[in-house]
Amino acid sequence: MKSILTPLGPKADKDTVRRHNLSLVLRAVRDEGESGEATRAGVAARVGLTRAAVSSLVEQLMDSGFLTESGKTFSGQAGRPGTALKVARTGPAGLGVEINIDYVSVCVVDLAGTGRVRQTEHLDNRGAPAEDVLARAAAIAARTLDSAREQELRPVGAALALPGLVSGGAVRQAPNLGWNEVPAQDLFGDALTALRPGRPMLPVASENEANLAALAELWFGGLGDVRSFLYLTGEIGVGGALVLNGELLRGAHGFAGEIGHVVVDPDGPECRCGSRGCLEQYAGQSALLRAAGVDGPGAGGGSGVLELERRARAGDERAVAAVAEAGRMLGRVVSGAVNLVDPDAVVLGGIYRGLMPWLSPPADEELTGRVVSGLWSPGSGRLRASSVAGDAARGAAALVVQDVLDDPVAYAEPSGG
């Protein structure tokens, strides 16, 4: 993906090559994961550079605080025993901020991709002025940054995950929030800067929340070799994202994936987007709770979903029927997308993850009957729940980290906070 921050540009060809190689080495060590068993010789073999060149690059990355040595050594290699390298648990990091209809979640991710700090507040953002919602999100982010500093982490940028059509730093339309042409990046950035006097402004980027949840699933989830998948997230609305061959498909204007507003029935209920009979009117959180008869305090939020799950587990007929109908509607709409783009898998996140035992069978049945390739069958594993790691806030934070990994030199010097 295109860089979301604004790192320093290359000064000369030799400098450009070295910066590229520093990125290669840092990524190679990071990709070894938590085992801590990357060595200079192993990295050299992986990236195709000489061991001497890798050793020089490793020393620079260690001096800049990106890598550390674990103290563990490995024998049996040519030359001296190899010393295990690890990505540092301090220093540059990413800040992710998910603003959704009924909550705000903020997290900090380090260079290894590990979530280190998380703060979530359940807030009813529907109908609230965008400036107020973004100011509240900035207040949560400021507290999260303070917690990150206590762990010697230095977030170098922030990314907003937003529910709606997002481009150019603005929310063009977010029907469930009632936002239109909201300059979210600027409003959030100004609010955060005001809460941190004397500290430099963090670069802020923004992206659709389903896109970022899909990237988190790709980078941190349990997809294995799957590199092409359709991701759906159920919240108040229904968001979607498409990853093909490991790359997010954003569309010509950045608006791809709005599957929640595919029309199921043109004579169906009116949708906040202005159309009728959209998928979210049958499979969105509010529609599910209403159909299941889950109402009263908290019915529009997380407690309502937990109550729906409880009733389904208890065999409540109305709850089970509501979830099954949502599954059928999801299957019908998703089958069209599967026929169109032929993904390896369909991943369901958000509230759908906990409802999979009752949602999946009818959705699988619809997909089996409607996917023309004949490759879909119940129990094939192609319809799966997202992992707990696949959330938009983490994806947003990781997007910042990707920029650091792309050009560590640009983020080696402390920014002052």
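Keep in mind it's a predicted model, so treat the numbers as computed, not measured.
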Q: Would you check if the side chain of Arg116 reaches a backbone N or O of Ser147 as a donor-acceptor pair within less than 3.5 Å?
A: no

Q) Are side-chain N/O atoms of Gln402 and Arg27 paired as donor and acceptor at under 3.5 Å? A) yes

Q) For Asn245, does its backbone N or O pair with a side-chain atom of Ser228 as donor and acceptor, under 3.5 Å? A) yes

Q. Quick one: are Arg143 and Glu121 in side-chain contact, heavy atoms under 4.5 Å?
A. yes

Q. Quick one: CZ on Arg118 to CG on Asp391, what's the gap to the nearest 0.5 Å?
A. 4.0 Å

Q: Report yes or no: does Ser360 contribute a side-chain atom to a donor-acceptor pair with the main-chain N or O of Pro357 at less than 3.5 Å?
A: no

Q. Between Ser387 and Ala389, is there a donor-acceptor pair closer than 3.5 Å when you use the side chain of the first and the backbone of the second?
A. yes

Q) Any ion pair linking Glu366 and Arg328 (charged N to carboxylate O, less than 4.0 Å)? A) no

(Q) Can a side-chain donor-acceptor contact be found between Arg136 and Asn125 if the only test is distance below 3.5 angstrom? (A) yes

Q: Report the distance from atom CG of Leu49 to atom CG of Leu57, rounding to the nearest 0.5 Å.
A: 6.5 Å

Q.
Any non-hydrogen side-chain atom of Pro92 less than 4.5 Å from a side-chain atom of Phe66?
A. yes

Q | Smallest separation among heavy atoms of Leu22 and Gln60, with atom names | A | CD1-NE2, 3.4 Å

Q. Do Asn100 and Glu98 get their side chains close enough for a donor-acceptor pair, meaning under 3.5 Å?
A. yes

Q | CG on Asp110 to CZ on Arg154, rounded to 0.5 Å | A | 13.0 Å

**Q.** Cation-pi check, Arg394 onto Phe220 ring (under 6.0 Å, within 45° of axis)
**A.** yes

**Q.** side-chain contact (heavy atoms from CB on, under 4.5 Å) evaluation trace for Arg40 with Glu59
**A.** CA-CA 10 Å; Arg40 290 166 175 79; Glu59 292 304 316; 3.1 Å; yes

Q. Between Leu383 and Trp376, is any pair of side-chain heavy atoms under 4.5 Å apart?
A. yes

Q. Any side-chain heavy atom of Leu289 within less than 4.5 Å of one from Leu308?
A. yes

Q. What do the steps show when you test Val171 against Leu165 for side-chain contact (heavy atoms from CB on, under 4.5 Å), and what is the final call?
A. CA-CA 6 Å; Val171 178; Leu165 304 180; over 6 Å; no

**Q.** Nearest-0.5 Å distance that lies between atom CZ in Arg382 and atom CG in Leu367
**A.** 9.0 Å

Q: With the side chain counted from C-beta on, respond yes when Pro408 and Ser64 share a heavy-atom pair under 4.5 Å apart, and no when they do not.
A: no

Q. Nearest heavy-atom pair of Val263 and Ser275: which atoms, and what distance?
A. CG2-OG, 3.6 Å

Q | Residues Arg18 and Ser23: side-chain donor-acceptor under 3.5 angstrom | A | no

Q: Would you check if the side chain of Arg384 reaches a backbone N or O of Gly381 as a donor-acceptor pair within less than 3.5 Å?
A: yes

Q: Write down the atom of Val334, the atom of Ile259, and the distance for their closest heavy-atom approach.
A: CG2-CD1, 4.3 Å

(Q) I need the Leu187 CG to Glu131 CD distance, nearest 0.5 Å. (A) 5.5 Å

Q: Any chance you could measure Ile236, atom CD1, to Asp124, atom CG, to the nearest 0.5 Å?
A: 8.0 Å

Q: May I have the step-by-step check of side-chain contact (heavy atoms from CB on, under 4.5 Å) for Val108 and Thr144, ending in yes or no?
A: CA-CA 8 Å; Val108 171; Thr144 306; 3.7 Å; yes

Q. Salt bridge between Asp102 and Arg126, side-chain N to carboxylate O under 4.0 Å?
A. no

Q) Short question: side chain of Tyr411, backbone of Val401 - any donor-acceptor pair under 3.5 Å? A) no

Q) For Glu217, which of Leu223, Val226, Leu212, Val243 qualifies under side-chain contact (heavy atoms from CB on, under 4.5 Å)? A) Leu223

Q) Does some side-chain heavy atom of Leu177 sit less than 4.5 Å from a side-chain heavy atom of Pro163? A) yes

Q.
Walk me through whether Met62 and Leu67 qualify under side-chain contact (heavy atoms from CB on, under 4.5 Å).
A. CA-CA 5 Å; Met62 291 178 64; Leu67 295 180; 3.9 Å; yes

Q.
For Glu152, I'd like to know if atom CD has over 12 heavy atoms of other residues, nucleotides or ligands within 6.0 Å.
A. no

Q: Would you indicate whether the side-chain heavy atoms of Ser56 and Val54 approach each other to under 4.5 Å?
A: no

Q) Of the non-hydrogen atoms in Leu95 and Val400, which two are nearest, and what is the gap between them? A) O-CG2, 4.2 Å

Q) Just by modelled atom types, is the Ser206 backbone N or O under 3.5 Å from a matching donor or acceptor in the Gln185 side chain? A) yes

Q: Check for a donor-acceptor pair, side chain of Thr193 on one end and backbone N or O of Gly189 on the other, with a separation under 3.5 Å.
A: yes

(Q) On a heavy-atom basis, which atom in Ala28 and which in Val47 lie closest, and how many Å separate them? (A) CB-CG1, 3.8 Å

Q. Side-chain contact, heavy-atom cut-off 4.5 Å: Glu258 with Asn208?
A. yes

(Q) Testing the basics here: between Thr233 and Ala210, what is the closest heavy-atom pair and its distance to 0.1 Å? (A) CG2-CB, 3.9 Å

Q | Side-chain donor/acceptor of Arg353 to backbone N/O of Val388, under 3.5 Å | A | no

**Q.** Flag, side chain of Asn211 to backbone of Ala241, donor-acceptor distance under 3.5 Å
**A.** no

